[in-house]
Amino acid sequence: MALRFIGFVLKSPCVLSRTVLRKYSGDSAGKSLAGSSAGVGCHKAAKVEEDPCKSHLSTGLVLGLYTNPDDPLDPGKLTPTGERYNKYVCNRLVELLRYAGPPPKKGVVRIFYNIENEISSVAVVGLGRECQGYDVFEQMDEGKEAIRIAAAAGCRALQELRVTKIFVESFGHAESSAEGSALGVWLYQEKKKKEYQVLIPQLELWDDCDWTGWQIGLQKAAAQNLARQLMDTSANYMTPTSFAQNAVEVLCKAGVNVEVKVRGWAETQKMFAFLAVAQGSCEPPIFLELSYYGVARDERPVVLIGKGITYNSGGLCLKSCPKQEKMRGDMGGAACVVAACRAVAGLQLPLNIRALIPLCENMPGCAAMRPGDIVKAMNGKSIKIESTDTGGRLCLADALVYAQNFWPRLIVDVGTMTSDMKKSLGKAASGVFSNSEALWEYMLAASMHTGDRVWRFPLWEHFSHLVARHHPSVDVKTYGRGFKPRDGEACRVAAFLNEFVPCGDWLHMDTHGVMYSNGYDYPYLREGMSGRPTRTLVEFLSQLVCNRE
């Protein structure tokens, strides 16, 4: 079964004629913008000679309005783009806003119809305070996050009207506007009958010169939407084999090499920890190796590792039914890595990437691993399996050892590891563990930019002593001493993985808490699998490029 990925059409920019620019923005704006190669207000360039009753009935425009929440009498202030449009329509937009009651608050939409002939619907969205920026306490650029929320709210309101093409202003940052718009209109509906599917509109930038930023934002959003689609596909369709097929289909078109390795290869590599997880399922395990070369092939690569358990029942230590319900998304780490590689190739980032994805199912079959079993990892260390519900760390252990074959510049592994993250951080952030202060700083800066935050947890020797020290019969245990109740399980997982990390910089991301979106905490993500933290991972890799240069 091939996965059909829903993307967005990117059209080449065109140039507004000087006459139309003057008509739209005034003589001074026309002089300053005429001749620009940015693709922005270009959509107003030529009037189509058609029946006015049939033309432009399915085009919409999203504009922003700043409001002061502390002043109940504040009438609101349009963005510069909104002011130019208001001037073009002879102040009619402001008049309609006054008639519509109080100005819309942050994320609230007002829709106006038939203001002019070329745009059928205009959505004005509240942005909140003007001049918002980085909040040191929230560790987020609140201005960019407000843009994402506003763009998503406006586009989704027009999407409900079945608008086929939506023009979106940049709100001052085209990349964030593109992210919010593309993330907001997307939803998983692959298995729904076509006549009942929600229309996904075409998105285009309106009246702004930052066409590059808009395209970057669309690339990042398309990557996260790809991760969402992979994660939301039910486990009977998204088996290890079908995941590999979809990875080949998506990545080879983008210029990423994909090698599909099977059980026999894993046996020759002595990946017995990985194979132990897979032996309870009739679905054969697969190990994916992705290669992207953005610079010379002899340059050391960044190694990305994604946890790829396509369904995690817990094995013989079976999870409860409510916990199993969302376990189709337990391959979220693998989905994020595949999506990030696609985005890196699309953005043509100058760095080498090697991605490793162990794919399998953790099922309670007759040959399934048992509590108390002892297996050997690829590096020869023996592991005692204290619970079969620990398949993710076993898969990543062998992948981390295998990563040393590539002499990595650094290693980043991503996976939905423990419920500790959900209990401690909820959906607010992903947990991060690292042995490198520099890597943590890069990841933190990336999360500030994307609004998909991370929070650092300790990688103390204390936890290493619990899982990997002074055990008389084995080298490593999956839980270690004093695991009932499972105190500090997320930290124990990081300590466990640290026993298999080759020398060098390493960063581990536990994304269990952010795996699922309820549709409210992040308004630009509908209910379902979230695809997080794909954009943060892409931004992290971009920052590595900037540091290299």
Side-chain angles (χ1 to χ4, degrees), residues 230-231 233-245 260-288 305-335 356-378 381-402 413 415-419 474 476-479 483 486 489 493 496-497 500 512 515:
L230 290 171
M231 293 171 69
T233 303
S234 58
N236 60 321
Y237 287 103
M238 193 54 64
T239 63
T241 301
S242 59
F243 186 101
Q245 290 172 343
V260 181
K261 303 176 188 293
V262 295
R263 186 193 298 270
W265 175 88
E267 290 173 348
T268 62
Q269 295 292 321
K270 298 182 179 179
M271 293 184 173
F272 298 123
F274 166 49
L275 292 172
V277 182
Q279 66 192 28
S281 173
C282 60
E283 291 289 340
I286 289 176
F287 193 95
L288 288 184
I305 301 176
K307 173 188 169 184
I309 299 185
T310 56
Y311 187 78
N312 190 359
S313 68
L316 293 179
C317 302
L318 202 64
K319 296 176 183 287
S320 65
C321 188
K323 288 184 178 179
Q324 287 195 54
E325 183 183 1
K326 296 183 176 65
M327 283 298 103
R328 67 185 184 280
D330 206 40
M331 32 64 73
L356 310 175
I357 301 175
L359 293 165
C360 65
E361 287 184 343
N362 185 12
M363 299 293 286
C366 58
M369 60 180 176
R370 298 160 289 256
D373 283 1
I374 297 176
V375 296
K376 276 198 172 183
M378 188 179 173
K381 286 189 177 182
S382 58
I383 304 171
K384 183 173 183 179
I385 301 169
E386 296 174 287
S387 169
T388 61
D389 194 15
T390 57
R393 66 199 77 176
L394 296 173
C395 293
L396 292 183
D398 276 336
L400 285 165
V401 178
Y402 182 68
D413 72 74
T416 53
M417 305 304 295
T418 67
S419 58
V474 292
V476 188
K477 290 186 177 182
T478 52
Y479 287 138
F483 73 90
R486 299 175 181 178
E489 187 182 0
V493 171
F496 175 91
L497 295 177
F500 303 91
H512 188 280
M515 175 180 71

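- Distance CD1/I374 to NZ/K477: 9.0 Å, rounded to 0.5 Å.
- Under 4.0 Å is where a charged nitrogen must lie from a carboxylate oxygen, and between E489 and R393 at least one such pair does.
- Side chain of T416 to backbone of G332: no donor-acceptor contact under 3.5 angstrom is found.
- In this structure, M369 and T388 have side chains that are in contact, with non-hydrogen atoms separated by less than 4.5 Å.
- Y479 has its ring centre no less than 6.0 Å from the ring centre of F496.
- At least one side-chain heavy atom of M515 sits less than 4.5 Å from a side-chain heavy atom of M231.
- Side chains of M417 and H512 form no contact here, defined as non-hydrogen atoms less than 4.5 Å apart.
- Residues A399 and L356 approach most closely at O-CD1, 3.6 Å, considering heavy atoms.
- Partner of P284 under the side-chain contact (heavy atoms from CB on, under 4.5 Å) criterion, out of T239, T241, V262: T241 alone.
- Between the side chains of Q324 and Y311, a donor-acceptor pair is found at a separation under 3.5 Å.
- Here the shortest heavy-atom pairing between L288 and A244 reads CD2-CB, 3.9 Å.
- Of all non-hydrogen atoms in P358 and F274, the two that sit nearest each other are CB-CE1, 3.7 Å.
- D373 places a side-chain N or O within donor-acceptor distance of the main-chain N or O of R370, the cut-off being under 3.5 Å.
- We find the SG-CD1 distance between C360 and I357 to be 12.5 Å, quoted to the nearest 0.5 Å.
- Side-chain polar atoms of S387 and T390 form no donor-acceptor pair below 3.5 angstrom.
- Checked against D330 for a salt bridge (Lys or Arg N to Asp or Glu O under 4.0 Å), the options K323, K307, K319 give a single hit: K307.
- Using modelled atom types, one finds a donor on one side chain and an acceptor on the other under 3.5 Å when comparing N236 with S234.
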I'd like to know whether S242 forms a side-chain contact (heavy atoms from CB on, under 4.5 Å) with Y237, so could you lay out the CA-CA distance, the side-chain angles of the two residues, the decisive distance to 0.1 Å, and finally the verdict.
CA-CA 7 Å; S242 59; Y237 287 103; 5.7 Å; no

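- Taking the six-membered ring where tryptophan is involved, the planes of Y402 and W265 are perpendicular, since the angle between them exceeds 60° and thus also 30°.
- Within the 3.5 Å criterion, the main-chain N or O of S281 finds no donor-acceptor partner in the side chain of E361.
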List the steps, then state whether side-chain contact (heavy atoms from CB on, under 4.5 Å) holds for I385 with L394.
CA-CA 9 Å; I385 301 169; L394 296 173; 4.1 Å; yes

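- When each of K381, M378, Q269 is paired with V401, the side-chain contact (heavy atoms from CB on, under 4.5 Å) condition holds for M378 and for no other.
- The shortest non-hydrogen separation linking A276 to V375 is CB-CG1, 3.9 Å.
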Any chance you could lay out the side-chain contact (heavy atoms from CB on, under 4.5 Å) test for L275 and E267, step after step, and finish with the verdict?
CA-CA 8 Å; L275 292 172; E267 290 173 348; 3.5 Å; yes

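- Of all non-hydrogen atoms in I286 and P240, the two that sit nearest each other are CD1-O, 3.8 Å.
- Side chains of M327 and S313 form no contact here, defined as non-hydrogen atoms less than 4.5 Å apart.
- Listed here is the closest heavy atom pair of E325 and R328: O-NH1, 3.2 Å.
- In this structure, the separation between OG1 on T310 and CE on M363 is 9.0 Å, given to the nearest 0.5 Å.
- Taking SG of C395 as the reference point, atom CG of N362 lies at 8.0 Å (rounded to 0.5 Å).
- Atom CD1 of I305 is separated from atom CG of L400 by 4.0 Å, given to the nearest 0.5 angstrom.
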Step by step, work out the side-chain contact (heavy atoms from CB on, under 4.5 Å) result for F243 and L230.
CA-CA 8 Å; F243 186 101; L230 290 171; 4.3 Å; yes

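- Residue P285 forms a side-chain contact (heavy atoms from CB on, under 4.5 Å) with just one option from R263, Q279, M271, and that option is R263.
- Open room surrounds NZ on K270; 12 or fewer heavy atoms of other groups in view lie less than 6.0 Å from it.
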